[in-house]
J.: 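Sharing a structure here in structure tokens format.
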Protein chains: 2
Amino acid sequence: MTSAKKRKADLQYGVITLRNVIGYNHLCDIVEQENAPRQAEQKFEMSHFTAVIADDHAIVRSGLKVALENERLVDGHNIGVVAEAGNGLDAIAAVKQHRPDMLVLDVSMPVAGGVEVLVETRRWSPDTRVIVFTGISAMGKVSELVEAGVDGLFSKAEDNQDLYRNVPMILQGGRYISPFFTSILDNAPQQSVLTDRERQILNLIVAGQSNKEISAHLGISAKTVDRHRTNLMQKLDVHSVAQLIAYSLREGLIDPAAEI
Amino acid sequence: MTSAKKRKADLQYGVITLRNVIGYNHLCDIVEQENAPRQAEQKFEMSHFTAVIADDHAIVRSGLKVALENERLVDGHNIGVVAEAGNGLDAIAAVKQHRPDMLVLDVSMPVAGGVEVLVETRRWSPDTRVIVFTGISAMGKVSELVEAGVDGLFSKAEDNQDLYRNVPMILQGGRYISPFFTSILDNAPQQSVLTDRERQILNLIVAGQSNKEISAHLGISAKTVDRHRTNLMQKLDVHSVAQLIAYSLREGLIDPAAEI
DNA sequence: TTTGAAATGGGGGATTCACCTCATTCAGCC
DNA sequence: GGCTGAATGAGGTGAATCCCCCATTTCAAA
């Protein structure tokens, strides 16, 4: 009971958009399922695997398709790409329909992001191995993915051989995070030292709201917002709104394309 | 003479990094060369073309290589990829060495960006047709590329058929900007209403510097910086640093990955 | 049960920001 | 020569920021 409450708190302010899209009670259900043991081991003897590819760039999808279906790259494994998706919703639909052995996923996609697709895949097709192949390096997103239980995590900026070599192991139930990302996680100095409330207020600050506006929005005193702001800046070692926003950008906390 | 001076002014503060890397007098020389007529017509009868691919993601390079070398995609044209580059400097080196018929280029690359590679290519291999294939949509970068005289401009977010279909025409001396980007250029409201100095100060503001720091950096009074800041915000119709940064991000004036 | 972390709020002060008005210099243009 | 636009700089005002001080309450962990 207490652990459920804690989990609830952990998810509450993680990323605002995520909470708005599917609701955080729903999210808790997903985490319950995700923590249940998976039965991927029964596929040990199979030689043919199905895959779904989700990336907003067609050139990446076609490149991945060629690479995955060429057994000389992914050694000894016969992989067939049964569906491609150019956005998050299409990816979720494809997973529901095909329930593939693996899903290769980008993080930044239109309509629904990689994290949403990951948790929805766990819900509708828990046996699907989810491999995230992305160009981002923002610490926030990376830790989100790992906490959500991604099975494989590879960077587009690195040599693809790392991906091809580890696909068989992941298909057999293994889990692999590329050194590119583990070093990002290791080098995170204070990472998630921010409290839920601080994270929430950071989102409103970078949205361009003043202390007064934030206080009205949250129904608390402007002085309290100021208090949180001070703690925030001390923790992150920045000394102005501009630096605060620059930090948030690097960590992927805000969406550059979002309107003010 | 007057037009040359005007061009000089246009380039002076376009993007600070660009000016720092190669110097703006050098840039003017490149523009002179770029405006000179090209002699690509002599290749009308050739059946084999050489290409260099530059993209920081290996999966995109391999996908492009497969697509370009498949004559069913690029109809009737035999294209051979003679070199690949994962960053801007490698791309420039490859162009110098191979002087290819075409260069397929991404905009956001490590070490040197797509615009720098484009102007350097014009300098060292003026006959090379430069095709930019990118995922960005920031108005600033797009207009920069068009002004620099890119031969083809295609979006990764759109259907790749548009690229494949137009490569032969571009190889024969044509020029093609995808509708995806022309609509971005058309919808630009006021674009370059900012003066050179204002653009420069905007860059320092979004870098997190205070008026005092900026005044010290530029050797002018803090009051003058304040003056520019006020004009800046009036022109862009924003009322806080946060909104200012959000604007700069949308227009691609700053690099989200840059350190403070 | 104590301890501590987190959220809440208040007072105050130094600094900076945002936005006025006004003036000068210097370049290019008709 | 006069005009315009850009850059420069001064003075001032009200608001907001940044950072101290202080306190209470709640809740979970030791």
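We name chains A, B, ... by the order of the sequence lines, and we start the count at 1 in each one.
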J.: When we call it a touch if two heavy atoms are under 4.0 Å apart, what does A/Ser221 touch: a base, just sugar-phosphate, or nothing?
T.: sugar-phosphate
J.: Which nucleotide wins on minimum distance to the side chain of B/Arg197, given the candidates C/dG9, D/dA7, C/dA18?
T.: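 Selected nucleotide (nearest to the side chain): D/dA7.
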J.: To the nearest Å, give me how far apart CG (B/Asn211) and P (C/dC19) are.
T.: 12 Å
J.: Choosing from D/dC20, C/dA18, C/dG9, which nucleotide comes nearest the side chain of A/Gln234?
T.: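 Side chain of A/Gln234 sits closest to D/dC20.
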J.: Are side-chain N/O atoms of A/Asp162 and A/Tyr176 paired as donor and acceptor at under 3.5 Å?
T.: yes
J.: Side chain of A/Glu198, heavy atoms from C-beta onward: which of C/dA7, C/dT16, D/dG9 has the nearest atom to it?
T.: C/dA7
J.: Expressed in angstrom and rounded to an integer, what is the separation of A/Arg227 atom CZ from D/dT24 atom P?
T.: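 Atom CZ in A/Arg227 sits about 16 Å away from atom P in D/dT24.
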J.: Checking all strands, does A/Ser210 fall into the base, sugar-phosphate, or nothing category for heavy-atom contacts under 4.0 angstrom?
T.: sugar-phosphate
J.: Is any side-chain heavy atom of A/Val117 less than 4.5 Å from a side-chain heavy atom of A/Met109?
T.: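 Result yes, sub-4.5 Å side-chain heavy-atom pair found.
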J.: Between B/Thr195 and B/Lys235, is any pair of side-chain heavy atoms under 4.5 Å apart?
T.: yes
J.: May I ask you to test the B/Phe180-B/Leu153 pair for a side-chain heavy-atom distance under 4.5 Å?
T.: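 They are not in contact (no side-chain heavy atoms under 4.5 Å apart), so the answer is no.
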J.: How would you label the contact of A/Thr230 with the nucleic acid (heavy atoms, under 4.0 Å): base, sugar-phosphate, or nothing?
T.: base
J.: How long is the line joining CE of B/Met233 and P of C/dC20, in whole Å?
T.: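 Result: 12 Å.
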J.: Taking only the side-chain heavy atoms of A/Lys223 (C-beta and beyond), determine which of C/dT8, C/dC20, D/dC19 contains the nearest atom.
T.: D/dC19
J.: To the nearest angstrom, how far is A/Gln200 atom CD from C/dA7 atom P?
T.: 10 Å
J.: Can you find a donor-acceptor N/O pair under 3.5 angstrom joining the side chain of B/Asp226 to the base of C/dC19?
T.: yes
